[in-house]
Amino acid sequence: MAKISVIGAGMTGSTTAHWLAEREIADVVLVDIVDGMPQGKALDLTEAMPIIGSDAKITGTSDYADTADSDIVVITAGLPRKPGMSREDLLVKNATIVGSVAEETIKYSPNATYIVLTNPLDTMTYMTMKKTGLPANKVIGQAGVLDSARMSAFIAMETGVSTQNINCYVLGGHGDSMVPLTRHSNIAGVPLEKYLDADKLAAIVQRTRKGGGEIVGLLKTGSAFYAPSLAIVQMAEAILSDRNLILPCAAYLNGEYGQEGIFFGAPVMLGKNGIEKIIEYELNDEEKAALQKSADAVHKSVEELKKLVEL
Ligand code: APR
């Protein structure tokens with residue numbers, strides 16, 4: 001079986017391990033700095049496997065040597081948001097954590113593909129690429145699958161149509177200026193406007209942009225973890241199965257969508273080499289302007305990072 005190391009065994013990390021093991025996608029190594037916690041969660045999950053008949057092996061550890069030869073490394077280590085915080089407010093603390101995690105893991109798994117979840121997402125993914133020295137196709141940020149799933153969920157709630165018929169695409173940075181592409185989204189091939197009037201659609205776009213904050217506000221002690229972790233699992237499975245599955249993910253752009261030198265949400269094809277291809281949509285002026293606004297926010301965050309860390 002393939003091997004996936006999940007760094008950070010908190011809410012998102014342990015839930016990622018749960019979905020991966022239940023679906024027998026890979027053996028999982030859960031890593032955390034809290035003594036005993038990753039070991040305890042891994043043992044608990046191991047004891048759940050006979051009930052569902054999964055032979056996935058789950059190991060908990062604080063020793064990076066146990067992550068050796070991972071096919072995929074998932075980084076969830078870091079602080080989650082508290083009510084009132086933006087993802088950017090996490091930059092200083094999480095930069096230190098993600099930097100050290102990237103340096104430790106790459107020593108043991110130089111051929112792994114990395115999937116980053118820690119916020120601020122686009123900047124932490126950039127940092128991971130710089131600290132590991134990996135080529136851009138091997139480092140991917142998870143944001144668009146989650147944001148698009150949130151939009152689909154809100155549309156399903158409003159229309160009553162099965163989530164399986166709803167196709168949504170949210171691109172751009174993983175912040176409040178993310179860009180839900182309503183014109184490219186559809187319900188079984190039919191434009192969203194046929195199902196929803198303009199006000200309802202605008203409200204869904206806004207709710208999608210603030211989707212993470214809505215959950216932080218309800219939970220009060222942490223941020224979302226079920227949907228973010230399942231998004232990681234979909235990406236990891238696509239890579240391990242060499243599926244060439246097109247998903248919106250944070251990818252390092254080199255001119256695509258008019259952007260250069262940042263990780264930014266775009267549709268990418270995921271296969272055995274990580275990002276096999278970046279897909280470009282034809283955008284109108286309004287969509288281009290919205291993406292530029294979002295890119296400006298990501299550039300600003302990367303500049304902040306560069307003031308904190310030598311990259
Ligand atoms: N090495 C390994 N693990 C670490 C380190 C480190 N240097 N520093 C912190 N951790 C661990 C914490 O001990 C904790 O168990 O990371 C875990 C984070 O888990 P939670 O606090 O439950 O946070 P979670 O909800 O999983 O979110 C993690 O993902 O979605 C983003 O915004 C979210 O940045 C946050 C990250």
Side-chain angles (χ1 to χ4, degrees), residues 5-20 29-42 44 59-67 70 73-108 114-128 131 140-147 149-150 173-176 178 210-233 235 249-250 263 265 301 305 309:
S5 290
V6 181
I7 319 302
M11 297 310 288
T12 52
S14 58
T15 312
T16 302
H18 174 176
W19 299 114
L20 288 170
V29 178
L30 258 180
V31 181
D32 206 287
I33 42 168
V34 178
D35 185 39
M37 185 267 268
Q39 292 86 346
K41 289 189 174 178
D44 192 7
T59 312
T61 184
S62 300
D63 181 354
Y64 280 98
D66 294 326
T67 66
S70 296
V73 172
V74 175
I75 301 182
T76 77
L79 304 183
R81 284 194 278 172
K82 296 208 170 72
M85 285 175 89
S86 77
R87 293 180 180 94
E88 287 306 316
D89 293 335
L90 300 169
L91 179 69
V92 176
K93 292 227 162 86
N94 285 353
T96 313
I97 295 171
V98 171
S100 71
V101 168
E103 284 171 350
E104 285 304 313
T105 48
I106 194 68
K107 287 185 206 159
Y108 295 100
Y114 278 63
I115 302 175
V116 180
L117 185 79
T118 306
N119 278 311
L121 188 274
D122 308 280
T123 317
M124 292 301 101
T125 313
Y126 179 89
M127 173 132 183
T128 301
K131 290 284 184 187
I140 314 161
Q142 186 300 117
V145 176
L146 168 66
D147 297 327
R150 283 186 173 143
H174 187 47
D176 292 348
M178 67 178 74
K210 305 266 181 198
E214 183 178 358
I215 291 181
V216 171
L218 290 166
L219 295 180
K220 296 180 187 72
T221 54
S223 51
F225 53 96
Y226 288 118
S229 57
L230 196 51
I232 291 175
V233 169
M235 292 164 66
C249 301
F263 275 83
S301 175
L305 176 73
V309 197

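Just follow the structure's listing: the first ligand is 1, and inside any ligand the first atom is 1.
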Can you name the atoms of ligand 1, numbered from 1 with element, that are less than 4.0 Å from a heavy atom of [X]?
X     : value
Val34 : 13 (O)
Leu79 : 34 (O), 35 (C)
Asn94 : 34 (O)
Tyr64 : 1 (N)

What verdict does the side-chain hydrogen bond (donor to acceptor under 3.5 Å, both in side chains) test give for Tyr126 and Ser301, after you've listed the backbone C-alpha separation in whole Å, the side-chain angles of each residue and the deciding distance to 0.1 Å?
CA-CA 10 Å; Tyr126 179 89; Ser301 175; over 6 Å; no

If we check side-chain contact (heavy atoms from CB on, under 4.5 Å) with Pro38, which of these qualifies: Asp66, Thr61, Asp32?
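Exactly one candidate clears the test, Asp32.
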
Looking at Thr76, Ile7, Thr16, which one forms a side-chain contact (heavy atoms from CB on, under 4.5 Å) with Leu117?
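Exactly one option meets the side-chain contact (heavy atoms from CB on, under 4.5 Å) with Leu117, and it is Thr76.
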
One pair to check against side-chain hydrogen bond (donor to acceptor under 3.5 Å, both in side chains): Ser5 and Thr67. What are the steps and the verdict?
CA-CA 6 Å; Ser5 290; Thr67 66; 4.6 Å; no

At what distance is the nearest protein heavy atom to atom 32 (O) of ligand 1, and which residue and atom is it?
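Looking at atom 32 (O) of ligand 1, the protein heavy atom closest to it is Asn119 ND2, 2.8 Å.
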
Can you find an N/O atom of Thr12 closer than 3.5 Å to an N/O atom of ligand 1?
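Yes.
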
Side chain or backbone, does Ala9 bring an N or O within less than 3.5 Å of an N or O on ligand 1?
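The answer is no, given that Ala9 and ligand 1 share no N or O pair closer than 3.5 Å.
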
Quick one: does ligand 1 sit under 4.0 Å from the side chain of Met37, the backbone, both or neither, non-hydrogen atoms only?
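For Met37, only side-chain atoms sit under 4.0 Å from ligand 1.
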
Part of Thr76 with heavy atoms under 4.0 Å of ligand 1, whether side chain, backbone, both or neither:
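Backbone only; the side chain of Thr76 stays clear of ligand 1.
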
Measuring from the heavy atoms of Gly222, does anything fall under 4.0 Å of ligand 1?
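Checking ligand 1 against Gly222, which is what was asked, there is no heavy-atom contact under 4.0 Å.
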
Does some side-chain heavy atom of Asn119 sit less than 4.5 Å from a side-chain heavy atom of His174?
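Heavy-atom side-chain distance check passes, below 4.5 Å.
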
